[in-house]
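Everything numeric here is computed off the predicted structure, so don't read it as measured data.
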Amino acid sequence: QVQLVESGGGLVQAGGSLRLSCAASGRTFSSYAMGWFRQAPGKEREFVAAIRRSGAITYYADSVKGRFTISRDNAKNTVYLQMNSLKPEDTAVYYCAASLRGIATIPRQKDAYDYWGQGTQVTVSS
């Protein structure tokens, strides 16, 4: 079983930056594709970004492309989400997820992921 723990959330002003981290258990981290999703109160969980096993290929939601960057350090079993130019609309609980089966064809689908973290709150003030 894969255990995921997000960290780095907090309160920031619009236009600011924040870096989220997600630490994964196990020594097979490099075999997991990873994704970030977010969910605001009253809204459905939505895709934010994803990264394939090697980190060479990434995917982004249109709403965050150009502002957010997903990366991974397989030696540290950690995936990151660098968030720049934050907007109030980015306010949500952010979750990381791990896929053991691959996400090549469906990186933006929740069903592609097998394990989820507990989430970390990101609040962007106006």
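Each disulfide bond (SG atoms under 2.5 Å apart) pair with one or both residues in residues 50-95, not counting sequence neighbours, would appear here, but there are none. Residue pairs meeting the salt bridge (charged side-chain N to carboxylate O under 4.0 Å, His left out) criterion with at least one member in residues 45-54, sequence neighbours excluded, are Arg38-Glu46. For residues 13-50, every residue pair satisfying the ring-ring contact (aromatic ring centres under 6.0 Å, His included) rule, not counting sequence neighbours, is listed here: Phe37-Phe47, Phe37-Tyr113, Phe37-Trp116. The stretch residues 15-126 participates, sequence neighbours left out, in these disulfide bond (SG atoms under 2.5 Å apart) pairs: Cys22-Cys96. Listed by first and then second residue, the ring-ring contact (aromatic ring centres under 6.0 Å, His included) pairs that reach into residues 50-74 come to none, sequence neighbours excluded.
By the side-chain hydrogen bond (donor to acceptor under 3.5 Å, both in side chains) test, Thr58 is found to be paired with no residue, residues two or more places apart in sequence or in another chain being considered. For Arg67, the side-chain hydrogen bond (donor to acceptor under 3.5 Å, both in side chains) partners at least two apart in sequence or on another chain are Asp90. The side-chain hydrogen bond (donor to acceptor under 3.5 Å, both in side chains) search around Ser7 returns none, not counting sequence neighbours. Applying the side chain to side chain contact (heavy atoms under 4.5 Å, CB included) test to Glu89 and every residue at least two apart in sequence or in another chain returns Lys87. Not counting sequence neighbours, the partners of Thr123 by the side chain to side chain contact (heavy atoms under 4.5 Å, CB included) test are Leu11, Thr91, Gln121. In this structure, the side-chain hydrogen bond (donor to acceptor under 3.5 Å, both in side chains) partners of Gln82, at least two apart in sequence or on a different chain, are Asn84.
Shortest non-hydrogen contact noted between Ala24 and Val2 is CB-CG1, 4.5 Å. Residues Ser85 and Ser17 share a closest heavy-atom pair of N-OG, 4.3 Å. Ala112 and Ser99 get closest at one heavy-atom pair: O-OG, 2.7 Å.
Taking 4.5 Å as the limit, every side-chain heavy atom of Val124 sits out of range of all side-chain heavy atoms of Gln13. Thr120 places none of its side-chain heavy atoms less than 4.5 Å from the side chain of Val93.
For the pair Arg72 and Tyr80, the cation does not sit on the ring face, since its NZ or CZ is not both under 6.0 Å from the ring centre and inside 45° of the axis.
Judged by distance alone, the side chain of Ser30 and the main-chain N or O of Thr28 form no donor-acceptor pair under 3.5 Å.
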Can you give me every donor-acceptor pair (side chain of residues 103-110, partner residue at least two apart or in another chain, under 3.5 Å) with its distance?
none

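Here the OH-CG distance, from Tyr115 to Leu4, works out to 9.5 Å after rounding to the nearest 0.5 Å. Note that the CG atom of Leu86 and the CG atom of Leu18 stand 6.5 Å from one another [nearest 0.5 Å]. Expressed to the nearest 0.5 Å, how far CE of Met34 lies from OG1 of Thr78 amounts to 9.0 Å.
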Leu81/Arg19 under side chain to side chain contact (heavy atoms under 4.5 Å, CB included): CA gap, chis, key distance, verdict: CA-CA 6 Å; Leu81 185 67; Arg19 191 188 198 194; over 6 Å; no
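Each of Met83 and Tyr95 belongs to its own hydrophobic cluster when Ile, Leu, Val, Met, Phe, Trp and Tyr are linked at side-chain heavy-atom distances under 4.5 angstrom.
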